[in-house]
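Okay, so here's the structure we're looking at.
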Amino acid sequence: VQLQASGGGLVQPGGSLRLSCAANGSPLDLYAIGWFRQAPGKEREGVSFDSGDNRGTYYADSVKGRFTMSRDNAKNTVYLQMNALKSEDTAVYYCAASGTLGWNALALKTIGLFDWWGQGTLVTVSS
């Protein structure tokens, strides 16, 4: 599967953005999907994860209540709605897919679980 992330940009603190992750080559509903981010000088970290088998969607503590992940299987696209953005949310955001279904929140800390990655989209939160 090929993934393409988009929707990043410059937004003021407190603002919102919606990231999209479009898939080509295979139906996204066959995969577990994660959103990750990497800020300058920091390691890549998990932001949200959909287990792919309707078991649940999981979020990092730093984004709970502000970010919402959703799927549109008809459009073969996954979204990350980001509200109440903070300067510390500034990073390159990546979507990733795994053929292993059924994981829980531990997937947020298991980057090796994901076999396919999008190219990343930059989110800058600044006034």
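The two residues Gly46 and Ala60 make their nearest non-hydrogen contact at O-CB, 3.4 Å. Nearest approach of Gly34 to Phe114, heavy atoms of both residues: N-CE2, 3.7 Å. Closest of all the heavy-atom pairs between Asn54 and Ser51 is N-OG, 4.2 Å. Closest heavy-atom contact between Ala39 and Ala91: N-CB, 3.8 Å. In terms of heavy atoms, Leu3 sits closest to Ala97 at CD1-N, 3.7 Å. Closest approach of Pro13 and Ser127 over heavy atoms only: CD-N, 3.7 Å.
Here Asn83 contributes atom CG and Leu17 contributes atom CG; the two are 9.5 Å apart, rounded to the nearest 0.5 Å. To the nearest 0.5 Å, atoms CZ (Arg44) and CD1 (Ile111) are separated by 6.5 Å. With values rounded to the nearest 0.5 angstrom, Leu30 atom CG is found 8.0 Å from Leu101 atom CG. Atoms OG and CG, from Ser20 and Leu80 in turn, are 9.5 Å apart once rounded to the nearest 0.5 Å. Atoms OG and CH2, from Ser98 and Trp103 in turn, are 8.5 Å apart once rounded to the nearest 0.5 Å. Interatomic distance, OG of Ser16 versus CG of Leu85, reported as 6.0 Å (0.5 Å rounding).
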Run the side chain to side chain contact (heavy atoms under 4.5 Å, CB included) test on Phe49 and Ile33 for me, step by step, so that the C-alpha distance in whole Å, both residues' side-chain angles and the decisive distance to 0.1 Å come before the verdict.
CA-CA 6 Å; Phe49 172 68; Ile33 302 295; over 6 Å; no
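Classification of Arg71 and Asp29 as a salt-bridged pair fails, no side-chain N sitting under 4.0 Å from a carboxylate O. Salt bridge annotation for Lys64-Asp61: present, with a cationic side-chain nitrogen under 4.0 angstrom from a carboxylate oxygen.
Taking hydrophobic clusters as Ile, Leu, Val, Met, Phe, Trp and Tyr residues chained together by side-chain heavy-atom distances below 4.5 Å, Trp117 shares a cluster with Val92. Taken together through direct or relayed side-chain contacts under 4.5 Å among Ile, Leu, Val, Met, Phe, Trp and Tyr, Tyr79 and Tyr58 form parts of separate hydrophobic clusters.
The 12-atom threshold is not exceeded at CD of Gln2, counting heavy atoms of other residues, nucleotides or ligands nearer than 6.0 Å. The environment of CD in Glu88 is crowded: more than 12 heavy-atom neighbours from other residues, nucleotides or ligands sit within 6.0 Å.
The closest side-chain heavy-atom distance from Val123 to Met82 is below 4.5 Å. In this structure, the side chains of Cys95 and Phe36 stay at 4.5 Å or more apart for every pair of heavy atoms. Using a 4.5 Å heavy-atom threshold, the side chains of Ser70 and Val78 count as separate. Proximity of Arg37 to Val63: side-chain heavy atoms (C-beta onward) are separated by under 4.5 Å at one or more points. A 4.5 Å side-chain heavy-atom check between Thr100 and Leu113 finds at least one atom pair inside the cut-off. Residues Leu19 and Thr121 are in side-chain contact: their nearest non-hydrogen atoms beyond the backbone lie under 4.5 Å apart. Side-chain contact between Gln38 and Tyr94 is present, with at least one heavy-atom pair separated by less than 4.5 Å.
Ring planes of Tyr93 and Phe67: tilted class, angle from 30 to 60°.
A donor-acceptor pair is defined here as one N or O able to donate and one able to accept, closer than 3.5 Å; no such pair exists between the side chain of Thr124 and the backbone of Leu10. Side chain of Tyr59 to backbone of Met69: a donor-acceptor contact under 3.5 angstrom is found. At distances below 3.5 Å, at least one donor-acceptor pair connects side-chain atoms of Thr77 with backbone N or O atoms of Lys75. The backbone N or O of Ala22 lies less than 3.5 Å from no partner atom in the side chain of Asn76, so there is not a single donor-acceptor pair. Side chain of Arg66 to backbone of Ala84: a donor-acceptor contact under 3.5 angstrom is found.
The closest side-chain donor-acceptor pair between Tyr31 and Ser26 falls under 3.5 angstrom.
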